[in-house]
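Only one structure is covered here, and it is reproduced in the block below.
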Number of protein chains: 2
Amino acid sequence: MIADPVGRSARAGEIVAAARLLLEREGPEALTMRRLGEELGIRAPSLYKHLASKKAVEVALIEEAFREIGAALHAALQGRDNPVDATRTLLATYRRFSLARPNLYRLATAGRLPRGDLTPGLEEWVGEPFHLVTGEPHLAQALWSFAHGMVILEIDGRYPENSELDQTWETGAAAFAGLVGARR
Amino acid sequence: MIADPVGRSARAGEIVAAARLLLEREGPEALTMRRLGEELGIRAPSLYKHLASKKAVEVALIEEAFREIGAALHAALQGRDNPVDATRTLLATYRRFSLARPNLYRLATAGRLPRGDLTPGLEEWVGEPFHLVTGEPHLAQALWSFAHGMVILEIDGRYPENSELDQTWETGAAAFAGLVGARR
DNA sequence: CAGGGTGGCTAACAGCGTTAGCCATAAGTC
DNA sequence: GACTTATGGCTAACGCTGTTAGCCACCCTG
């Protein structure tokens, strides 16, 4: 498990919570310091008494996103030892949780990541279920890449409107399940 | 094939070319209107005599990116009728061409796309090779999602440093090649 | 009751995309 | 050849962004 205490004040926690609401409700371009202050009945410069920068707010949100998705993935694998079933469950959970917080997911995964700012080991912990399911690092990485590609393209509205994404997920799952099953 | 004449003036073409250089050389945050003007020995407002907005510049760049990658993918499939070989070739070409222009690729594929602003049919044409190779729309979409996921995560530096991405690509290719081969 | 930290505030700066309005030069027309 | 118009520069400025400086009121502690 990944330790939680992030060492920020209670007020900072409120700010991050408000930021999350704002981000999910109105999208990334609404997440400005002035707008965020407004949401809390405060002026933008006052935010800097609690958080060092806008980037710090974003990093906190990214942490939240990773913790939640990681927890969901780990939980989804509980008691599933058939690797093919586990693969399908893992993909379904990944899709559902990502699409439930699209703006947060995009923030967490798009663009270059400030690696040093994140809790060490957090990313690896999120990726762990893929390794548990596949039992092999390259297959795990390929499976995660597929899942991320599917999610981010769906979030960004990149598929044609008449796409049957359920079946695309199913096809991808089948492709990987073939290898996952073959390994055991 | 996709028609080329975009109906912009010669000067506009120079601006877009300069924008591309600037983007690839110094990254997305360097692509500002003032910086772009500077590059051409001109003030930022003058750019608006040739292009309607910064977004128009970006759309022009996205068009370029799609045309080039699409042409590369189509060319790569010439004379390849073994679907498994074709799949590997397609993935290799996709990877190579995307990583050769990482900032352009990210601009073209990240975030919500101004669909209406792009040449109609362009996106479909870029995706065509995936359909040619797989012979099935869902498999094509899954394969493209895998390729995009791999590329964008590599561009954004999201893989652990010690990752053996060649092998990850190979593993993904094998997963899909299994289905591609089985269909014929 | 004094001192210091906490958490607000206003004013301001630099940089962003963009618009308005001015002007010199080039091109086309009578 | 003169007149007109279109082209493509320019400066100034607006409203937005993240952020800093400096001020001040409150509250907790000694």
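Numbered from 1 within each chain, the chains take letters A, B, ... in sequence-line order. None of these values were measured; they are calculated from a predicted model.
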Is any side-chain nitrogen or oxygen of A:Arg43 closer than 4.0 Å to OP1 or OP2 of C:dT10?
yes
Between D:dT19 atom P and A:Leu47 atom CG, what is the distance in whole Å?
10 Å
Is the phosphate of D:dG8 approached by B:Ser46 (side-chain N or O, under 4.0 Å from OP1 or OP2)?
no
Is it true that A:Glu170 and B:His138 share a donor-acceptor pair across their side chains at a distance under 3.5 Å?
no
Any side-chain N or O of B:Arg35 less than 4.0 Å from the OP1 or OP2 oxygen of C:dC16?
no
Using a cut-off of less than 4.0 Å, is there contact between a side-chain N or O of B:Lys49 and OP1 or OP2 of D:dT7?
no
Expressed as a whole number of angstroms, how long is the span from A:Lys54:NZ to C:dG15:P?
18 Å
Round to a whole Å and report the spacing from OH of B:Tyr48 to C1' of D:dT11.
16 Å
Output the rounded distance in Å from CD1 (B:Ile15) to C1' (D:dG9).
12 Å
Should the ring pair B:Tyr105 and B:His148 be called parallel, tilted or perpendicular, given that the plane angle runs from 0 to 90° and is split at 30 and 60?
tilted
Just call it for B:Leu51: base, sugar-phosphate, or nothing, with non-hydrogen atoms closer than 4.0 Å on any strand.
nothing
Which nucleotide in D:dG18, D:dC10, D:dA21 has an atom nearest any side-chain atom of B:Pro45
D:dC10
Report the relative orientation of the aromatic rings in A:Trp169 and A:Phe146; use parallel for angles under 30°, tilted for 30 to 60°, perpendicular for over 60°.
perpendicular
In whole Å, I'd like the distance from the CG atom of B:Leu31 to the C1' atom of C:dG15.
15 Å
Using a heavy-atom cut-off of 4.0 Å across all strands, would you classify B:Arg34 as base, sugar-phosphate, or nothing?
base
Please work out which of the three classes, parallel, tilted or perpendicular, describes the rings of B:His74 and B:Trp125, given edges at 30° and 60°.
parallel
Just N and O in the side chain of B:His50: are any of them under 4.0 Å from OP1 or OP2 of D:dG9?
yes
Grab the CD-P distance between A:Glu38 and C:dG8 for me, whole Å please.
16 Å
Provide, to the nearest angstrom, the distance between the CE atom belonging to A:Met33 and the P atom belonging to C:dT10.
16 Å
Rounded to whole Å, please give me the gap between CD in A:Glu29 and C1' in D:dT17.
14 Å
Any chance you could lay out the side chain to side chain contact (heavy atoms under 4.5 Å, CB included) test for B:Glu39 and B:Arg25, step after step, and finish with the verdict?
CA-CA 12 Å; B:Glu39 214 71 17; B:Arg25 214 188 320 123; 3.4 Å; yes
Contact nearer the 5' end of DNA chain D, comparing A:Thr32 with B:Ile42:
B:Ile42
